[in-house]
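Inspection log for the structure reproduced underneath, given as structure tokens.
Just so it is clear: chains get the letters A, B, ... in the order the sequence lines come, proteins before strands, and each one is counted from 1.
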Protein chains: 2
Amino acid sequence: MNELQSKPGTADAVAADLERAIHEHRLPPGTKLGEDELGEVYGISRTTVRAALQSLGHRHLVQHKRNRGAFVAQPTVREAREVFEARSLLEPRTAHSACKRMTDDNIRALQAHIDAEHAALDAGESGRALYLSGRFHIEIARMADQSTIETMISELVSRSSLIIALYWQRRAALCESQAHHALISAFVDRDAELAEELMKNHLLDLVTSLDLRNSSSIPGTLKEALAK
Amino acid sequence: MNELQSKPGTADAVAADLERAIHEHRLPPGTKLGEDELGEVYGISRTTVRAALQSLGHRHLVQHKRNRGAFVAQPTVREAREVFEARSLLEPRTAHSACKRMTDDNIRALQAHIDAEHAALDAGESGRALYLSGRFHIEIARMADQSTIETMISELVSRSSLIIALYWQRRAALCESQAHHALISAFVDRDAELAEELMKNHLLDLVTSLDLRNSSSIPGTLKEALAK
DNA sequence: GCCATCATAATTGTATACAATAAAGTTTCA
DNA sequence: TGAAACTTTATTGTATACAATTATGATGGC
């Protein structure tokens, strides 16, 4: 919600930390999130851990299995399509709104974001680069001054990171930078219509770069299929 | 999520029950939701109550105040505008999708929904009528076969109910029925473009029927203003 | 040797107890 | 009499203990 982070040890702080770890692919889909284990890591009791896991569960980043525990979510092909469908409804129009309100400072902040993303890539920190790439979309929503939509996009972006972890085909460098650069150009030109169109196409490109064929080999699902 | 309700006594069941009560205006904005009190009502411990309240908090239906407790949320004017802005991005296009997939059974179900709404109004159960009126929108999202978007719309509809409780001007009968009837006609004609346009205008009508002037007298906020 | 069944261990689900904080009421002093 | 400070009370925040369920490993029969 707000930029200033919560005090360490609170459920919100733990949830934010876990969400970032998930977003950066340090916690891959399917990872078991034991309550005792997390409690020991963060030096808190299970009560607080459970609150954090419940929060992430509401955001569809963690999947709860009855009497089994919490696991980093593994979005299905269907869920993946739905997430990007939702993004395609929200983000293009939000980019339009953001463009109309955007200040020079906003544009500089976005540019700095991309620079940091490049720096992370050069440093071999692909997880951090992916995180920053997602934040770019969230920042645009924030600049549209629509906190409700921003919250929704934030959740969708994090879920997208899980989808990318599962269905990304080309492990090569993220070609997103080009699309983000083009968006900034539109912002500089104050061309809201173009920004909307660019965002729409950017999301379309993202979806088509995924391998969303039905019942493809999904890591971790094989095991579950055999368990039955 | 799924139609079949959870076992009574679980956090999900309590949250669903509270959400419905809020949606039906049996729990007005600002109502204190004491943990001990709720625990006694439902015959469960505070642990489960807290899980339910956290869930509602994440859906923005309940506002948590540090060391003060949980209260039924009181959306601000700004939040009200944002909620309907988000709905206007999601629902028209979703109505379009739903129209293209809609079966005759679906249409009959929607018609039954409206009939039940009318019956509730005739019986003087305005809260239940409002609830059913909101469910109408959620049912359409379900028929679009987009569960992710459905979840989002469901939250926005519930929040809209709070907004209506705070900012509704005309206490007269809900004029929504007309708009809903028109939507069904479009579904019958399989006119997706028309359905999209009707939904867009329906949401616009809803917003304009609210009194969203800044710093108008909001029930319950007066007290807080004086408390400082 | 393999499979089924049972016992054990580990983990989550739930309730309760204690600590911390804030509200309210009381007392005291000006 | 009024206001400020203190005490009391009530409520939430956190941790811990117990119960229920499931996974795992062992044992025995086929």
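- One can place CZ of R50(A) at 17 Å from P of dA17(D), the figure rounded to the nearest angstrom.
- When the nearest nucleotides of DNA chain D are assigned to G43(A) and G69(B) by heavy-atom distance, the more 5′-ward of the two goes with G69(B).
- In this structure, OH of Y42(A) is placed 16 Å from P of dT14(D), rounded to the nearest angstrom.
- In this structure, the NZ atom of K32(B) is 10 Å from the P atom of dA23(C), given to the nearest Å.
- As rounded to whole Å, 17 Å separates atom P of dT11(C) from atom NE2 of H64(A).
- The CD atom of E35(A) sits 14 Å away from the C1' atom of dA15(D) (whole-angstrom rounding).
- Summarising the geometry, the separation between CG on L38(B) and C1' on dA15(C) is reported as 17 Å, rounded to the nearest angstrom.
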(request) Any chance you could list the contact pattern along nucleotides 18-25 of chain D? Use B for base contacts, S for sugar-phosphate-only contacts and - for none, protein heavy atoms under 4.0 Å, 5' to 3'. (result) ---SSS--

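- Rounded to whole Å, the distance from CG on L33(B) to C1' on dT11(D) is 14 Å.
- For T48(A) and dA15(D), the shortest distance from a side-chain N or O to OP1 or OP2 is below 4.0 Å.
- With rounding to whole Å, F71(A) atom CZ is found 11 Å from dT11(C) atom P.
- In this structure, of dT11(C), dT14(D), dT16(C), it is dT16(C) that holds the atom nearest to the side chain of T47(B).
- Contact check on D105(A) versus R108(A) returns a salt bridge, with a Lys/Arg side-chain nitrogen under 4.0 Å from an Asp/Glu carboxylate oxygen.
- For R142(A) and E150(A), the salt-bridge test passes: some basic side-chain N is under 4.0 Å from an acidic carboxylate O.
- One finds a salt bridge joining E79(A) and R159(A) here, because a Lys/Arg side-chain nitrogen approaches an Asp/Glu carboxylate oxygen to under 4.0 Å.
- A distance-only check finds a donor-acceptor pair linking the side chain of H25(B) to the backbone of S161(B) [under 3.5 Å].
- In this structure, H180(B) has its ring center under 6.0 Å from that of H202(B).
- Qualifying salt bridge (charged side-chain N to carboxylate O under 4.0 Å, His left out) partners for E85(B), counting only residues two or more places apart in sequence or in other chains: none.
- Defined by atom type and a distance below 3.5 Å, a donor-acceptor pair is missing between the side-chain atoms of T208(A) and D205(A).
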